[in-house]
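For reference, the structure discussed in these notes is given below.
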Amino acid sequence: MSSSDDDVPLAKRSSKTNGPSSPKAKAKSVVLPTRVSKAANAKADKEYDEMDVDGLGKNAPQSTSISNGPVKESSDDPGRPKRKGRKPAIKEETDSDSDAPLTKRRRTTNGTSKSASAASSASPKASPKVSKSVSPSSARMPSTIITGGTDDSDSDVPIAASKLSKEKAQIMKEENQLSRKLEAEDKKAAAAKKRKATVVKKVEDSEDSDVPLAKGKRRAAPAKKANGVKKEEESDDDTPLVKRPRATKAATVKKEPAVKKETKGKGRAKKSETPATTNGEADEGEEEEGEEEYKWWEQPETDGTIKWTTLEHNGVLFPPPYEPLPSGVKMLYNRVPMTLPVEAEEIAGFFGAMLETPHAKNPKFVENFFKDFQEILKESGGARNPEGKKVAIKEFSKCDFAPMFNYFEAKKLEKKALSTAEKKALKQEKEEAEKKYTYCLLDGRKEKVGNFRIEPPGLFRGRGDHPKTGKVKKRVLPEQVTLNIGENTPVPPPPPGHQWGGIQHDDKVTWLATWKENINGNIKYVMLAANSSLKGMSDFKKFEKARELKKHIGRIRDDYTKEMRSIVMADRQRATAMYLIDVLALRAGNEKGEDEADTVGCCSLRFEHVTLEPPNKLVFDFLGKDSIRYHDTVEVTPQVFKNIKIFKKAPKGPGDMIFDRLNTTDLNEHLRSYMPGLSAKVFRTYNASFTMQREMKKIPNEGSVHDKYAAYNEANRMVAILCNHQRTVSTSHEASLQKATEKIKALRYQKLRLKRQILFLDPKRKKKDPDFFKPDPDIDDEDWVKEHQKALIEQEREKITKKFEKENEKLAADGDKEQKASVLEERLEVLKEMEADFKKENKTGTVEPKGRAVTVEKIEANLEKMEERIRKQEIEVKVKDDNKTVALGTSKINYIDPRLTVMFCKKYNVPIEKLFTKTLRDKFKWALESADENWEF
DNA sequence: CTCAAAAATTCCGAAAGTATTCT
DNA sequence: CAGAATACTTTCGGAATTTTTGA
């Protein structure tokens with residue numbers, strides 16, 4: 001164990017960028033030899049392992065293929081070689097027949113390494129053809145031998161161990177020690193653990209944090225004042241963030257608005273609680289009037305395979321049928337309005353509605369759409385011109401959907417123009433219609449249903465470079481929908497004239513309805529909402545599992561650190577992959593099909609996705625889930641660096657898998673051997689929550705609520721960065737940033753003027769305190785000051801003029817006579833004064849304070865306030881800018897154990913409303929009550 | 001204070017993942 | 001066992017809603 005202390009996994013991340021990456025290298029795909037038997041495999045592993053390592057560094061092609069630019073592959077970029085680049089590359093080599101099995105080749109080695117029989121008997125795609133072609137650059141590499149095992153010490157790799165982040169190493173070391181400690185204690189406690197049965201709210205051991213306690217804890221004492229820990233909290237006691245467990249109802253209500261008001265401070269009064277619809281109905285949220293709430297987290301634990309005993313619901317809501325367009329609204333073909341069969345018109349309308357979206361400019365989207373459109377057109381009888389003659393719709397470019405687009409826009413406007421009352425009525429109507437679908441009865445309890453609406457037809461909006469984007473997503477008929485419902489409960493009637501596709505009573509699943517979508521053949525489900533008990537429980541379990549990993553992580557890390565030197569290539573790859581998943585929080589990376597966007601995760605990384613940057617950095621550049629780019633340069637341990645070098649060795653080239661002996665199933669199977677239920681994704685949860693906790697611990701318990709809130713967000717941000725949660729910068733961002741920066745400058749100028757006022761009153765100050773009057777570098781620019789002064793005058797002018805006009809309008813409306821222009825002139829005299837003042841100011845460097853009884857002290861007080869405002873603004877701008885590409889929400893919703901946030905709120909006295917929106921509070925209500933200020937992940 | 005416009009935040013839809021089970 | 005089927009989580013962008021701003 002101790003041996004591992006030196007090679008703790010660590011990686012230092014630097015420069016995550018979003019900029020365009022290098023142009024794609026000419027792809028040259030190479031197929032690795034096929035392994036034939038286990039023995040042979042092992043032998044091959046050995047050979048593989050002994051291949052040259054050091055030679056690679058200099059000569060290997062290190063280009064990436066991600067090439068084109070923006071974070072998100074924007075689909076309208078015609079020149080993107082990504083996928084295209086890969087296929088031809090393989091084609092070149094295949095020289096066998098064309099397109100069919102092509103791309104499969106890139107995974108050939110993977111597929112065949114597993115089983116001998118599969119390899120020999122397998123389909124052409126797994127052809128054991130060994131390519132002799134080797135990329136020119138690597139052809140003549142010098143050969144250095146690494147033997148397995150012992151002499152594979154780290155010393156033969158150029159290291160810069162000292163450069164590796166000490167801090168991180170330390171953290172991980174501690175983490176591992178803790179883990180081992182936990183493991184040990186866990187064993188000890190194992191015996192005692194047995195008697196978990198009865199609830200008993202034990203106050204227990206709050207002084208200790210890393211108690212191993214597994215399950216029992218979750219019911220432990222909410223907010224017992226027992227150990228008098230919290231003082232201040234006592235004072236505002238009537239809003240404890242934690243409900244007393246015994247209070248089944250009563251206590252639950254009210255409190256929320258109370259806290260909210262408190263939080264709001266200034267804004268309060270306003271609407272506070274009123275907007276809660278008032279329609280009398282369900283009033284959602286606020287704890288169901290009087291109805292008693294089921295707290296599953298206070299119930300004894302269940303095994304979880306049975307999801308319900310009784311289940312009642314009203315089925316699903318289908319989208320309204322298609323409403324044909326008015327006869328005047330038609331697609332034009334060759335400028336001639338076409339009458340389309342309704343089926344086709346609907347499809348055309350889908351496209352028409354999207355005319356101004358980027359999709360409509362994406363060639364793939366257009367192509368797919370048009371193909372489907374033509375087909376449907378053919379099936380339904382074809383388009384007809386005004387004379388009633390059939391017209392073949394052959395070319396997309398001759399289609400003009402503008403009339404449709406305009407029609408939809410007009411409709412939108414029309415809707416927008418409705419009065420508030422009308423809108424409200426409309427909304428209410430809709431809600432009324434949906435009402436019965438929004439809840440179901442699960443074990444007799446009312447639970448909210450999530451997506452009870454069947455997805456409406458439309459054009460498939462695949463993300464990234466999806467081969468099927470733009471295809472028609474068909475309308476779902478009741479016949480395609482299967483319901484899952486309790487036995488002996490009435491089956492909701494299908495829409496008139498229809499039948500359900502099927503009815504089942506499976507209590508081992510949570511869905512209420514399912515259907516198959518026509519684009520990818522994916523199965524869709526109607527499930528309960530996030531705040532339901534079922535979702536809550538599995539969320540809770542997810543986090544508990546991640547916490548459980550804490551006890552094993554040390555051992556796991558030790559193991560993979562060791563196995564990274566294994567002679568068995570598969571093991572070495574697995575260990576290396578585990579490192580990446582653990583340290584970089586990569587996703588597992590399941591295999592994907594040809595008809596999906598080309599995105600990867602850890603196991604599916606290919607040659608071109610990782611570049612070596614000696615001595616010990618790896619550059620990752622690939623598209624991950626949702627085609628979000630992962631681009632990062634990471635410092636890794638020498639062994640990891642070396643391994644990747646080996647995994648990328650010739651004859652591998654672009655298009656080939658880095659982990660060719662590994663897949664997610666193997667990986668997860670291995671992980672399961674450490675801990676039941678452990679899989680790759682748990683590491684993401686674990687590391688995210690762990691990071692959050694670590695960052696939180698750094699936050700000082702001082703300052704304003706706003707400060708703490710900002711600090712929390714900063715910690716949250718760290719987690720989001722770890723998980724690579726990005727968002728696209730909104731178009732308005734640049735502008736709003738500009739505006740904010742300008743605002744700061746304006747404030748700085750105001751500050752300058754205050755100083756100049758002091759100087760006016762006390763000219764000697766400058767000598768006494770030259771530092772104080774040092775020019776502000778940010779507004780040093782004389783031109784800017786002059787411009788700004790002009791702008792201020794302009795502003796004033798507008799203000800006065802507008803006011804004047806408004807007054808006149810009013811006078812006119814009242815039938816009175818308008819004021820003469822001379823009145824305005826007169827009022828605008830002030831501007832001249834201003835101008836003169838500025839002139840004087842610029843000349844003398846002082847400002848005459850206006851108003852009476854101005855003292856230096858008062859100005860100084862103002863100055864301080866001004867500085868505070870400036871500071872605040874600046875921080876705001878910085879945060880805004882830092883966060884422009886980082887999405888905090890995803891980690892908050894999915895990765896950060898909500899009990900950490902609850903703990904933070906209690907410990908730092910921050911109202912939970914600041915950190916959790918209503919839906920989040922609702923979703924995490926189990927956490928609100930089960931963590932106190934000492935809770936630890 | 002009120003109103004509308006703008007900006008920010010929150011919620012929602014559905015696509016895109018992971019993981020396990022079935023065939 | 002590979003590949004398909006299944007079930008469930010995660011993820012983003014954009015719509016909807018709320019808050020802020022700026023008269």
Side-chain angles (χ1 to χ4, degrees), chain A residues 71-72 110-112 114-115 117-118 122-123 126 264 266-267 269-271 275 307 357-358 412 423 427 450-451 453-456 458 460-464 466 468-469 473 484 506 508-511 514 516-517 519-525 527-530 534-535 538-539 542 587-593 596-597 599-604 624-628 663-669 671-672 677-682 684-685 723-728 730 732-733 735-736 739-740 743 795 798-799 802-803 806 880 887-895 916-920 922-923:
Chain A
V71 178
K72 210 63 115 10
N110 180 24
T112 50
K114 270 252 130 126
S115 98
S117 57
S123 50
K264 292 285 120 167
K266 51 183 173 174
K270 241 200 162 170
K271 323 191 153 187
K307 303 296 183 0
T357 68
K412 253 191 247 167
K423 279 186 199 161
K427 197 176 162 189
N451 54 328
R453 271 174 279 253
I454 294 285
E455 293 173 12
F460 175 68
R461 293 146 124 102
R463 298 174 194 166
H466 200 296
K468 292 189 175 173
T469 193
K473 183 166 133 175
N484 191 42
D506 187 347
K508 288 174 199 63
V509 295
T510 67
W511 52 266
T514 185
K516 199 179 209 173
E517 152 265 357
I519 306 278
N520 298 295
N522 289 333
I523 304 168
K524 302 278 188 161
Y525 300 93
M527 289 182 185
L528 296 192
L534 282 175
K535 293 282 187 190
S538 68
D539 227 23
K542 172 182 79 183
R587 296 189 186 83
N590 282 321
E591 281 200 46
K592 292 190 73 184
E596 296 172 277
T599 62
V600 299
C602 183
C603 294
S604 46
K625 181 174 179 180
D626 288 307
S627 293
I628 294 294
N663 63 42
T664 53
T665 313
D666 294 343
L667 178 68
N668 282 335
E669 204 179 314
L671 290 175
R672 244 193 325 273
L678 184 60
S679 65
K681 83 194 265 283
V682 181
R684 250 167 103 80
T685 313
C723 296
N724 198 35
H725 291 143
Q726 298 187 320
R727 60 175 184 173
T728 42
S730 73
S732 58
H733 224 100
S736 91
K739 209 172 142 191
K743 205 163 145 193
Q795 244 173 41
E798 241 165 66
K799 201 167 143 192
K802 271 210 179 133
K803 193 176 173 199
K806 216 170 181 181
K880 212 174 177 182
L888 302 192
T890 308
S891 49
K892 203 188 250 189
I893 293 170
N894 298 298
Y895 287 107
F916 278 165
T917 62
K918 174 142 161 40
T919 27
L920 239 38
D922 216 19
K923 164 175 172 157

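Letters A, B, ... are given to chains in the order of the sequence lines, protein chains preceding strands, and every chain is numbered from 1. Just the heavy atoms: all of them, side chains too, but no hydrogens, waters or symmetry mates, feed the values below.
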message: Donor-acceptor check, side chain of A:Asp506 to backbone of A:Lys508, threshold 3.5 angstrom: yes or no?
response: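 Judged by distance alone, yes, a pair lies under 3.5 Å.
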Backbone of A:Cys603 reached by a side-chain donor or acceptor of A:Asn663 within 3.5 Å: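 No, because the side chain of A:Asn663 does not come within donor-acceptor range (under 3.5 Å) of the backbone of A:Cys603.
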- prompt: Which comes earlier along DNA chain B counting from the 5' end, the contact point of A:Leu920 or that of A:Ser732, where each point is its nearest nucleotide?
  reply: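 The 5'-side residue here is A:Ser732.
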- request: May I ask you to check whether A:Thr599 and A:Lys625 show a side-chain donor-acceptor distance below 3.5 Å?
  value: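 No, A:Lys625 and A:Thr599 have no side-chain donor paired with an acceptor closer than 3.5 Å.
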[X], nearest nucleotide to its side chain (from [options]):
| X | options | value |
| --- | --- | --- |
| A:Lys307 | C:dG13, C:dC12, C:dC8 | C:dC8 |
| A:Ile523 | C:dG13, B:dA7, C:dT6 | C:dT6 |
| A:Thr510 | C:dT10, C:dG13, C:dC8 | C:dC8 |

Is [X] touching bases, backbone alone, or none of the nucleic acid, heavy atoms closer than 4.0 Å?
| X | answer |
| --- | --- |
| A:Lys743 | nothing |
| A:Lys892 | nothing |
| A:Lys423 | nothing |
| A:Thr664 | nothing |

Report yes if a side-chain nitrogen or oxygen of [X] is closer than 4.0 Å to either non-bridging phosphate oxygen (OP1 or OP2) of [N]; otherwise report no.
| X | N | value |
| --- | --- | --- |
| A:Lys542 | C:dT10 | yes |
| A:Arg684 | C:dT11 | yes |
| A:Arg672 | B:dT20 | yes |

- prompt: Base, backbone or nothing for each nucleotide of nucleotides 12-18 of chain B, written B, S, -, heavy atoms under 4.0 angstrom, 5' to 3'?
  reply: -BBBBSB
Rounded distance (Å) that lies between atom [atom2] of [N] and atom [atom1] of [X]:
| X | N | atom1 | atom2 | value |
| --- | --- | --- | --- | --- |
| A:Asn484 | C:dA7 | CG | C1' | 12 Å |
| A:Tyr895 | C:dT9 | OH | P | 12 Å |
| A:Asp506 | C:dA5 | CG | P | 18 Å |
| A:Trp511 | C:dC8 | CH2 | P | 9 Å |

- prompt: Say you draw a straight line from CD1 of A:Ile893 to CG of A:Leu920; how long is it, rounded to the nearest 0.5 Å?
  reply: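 Interatomic distance, A:Ile893 CD1 to A:Leu920 CG, rounded to 0.5 Å: 6.0 Å.
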- prompt: When the ring planes of A:Phe460 and A:His466 are compared, do they come out parallel, tilted or perpendicular, using 30° and 60° as the limits?
  reply: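 The rings of A:Phe460 and A:His466 stand perpendicular, inter-plane angle above 60°.
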query: So does A:Glu517 pair up with A:Lys473, basic N to acidic O under 4.0 Å?
result: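 No salt bridge links A:Glu517 with A:Lys473.
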query: Do you know the tightest heavy-atom contact between A:Lys880 and A:Ser736?
result: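 Closest approach of A:Lys880 to A:Ser736: NZ-OG, 3.4 Å.
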message: Return whichever of A:Lys427 or A:Ser538 has its heavy-atom-nearest nucleotide of DNA chain C closer to the 5' end.
response: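 Its nearest nucleotide being more 5', the pick is A:Ser538.
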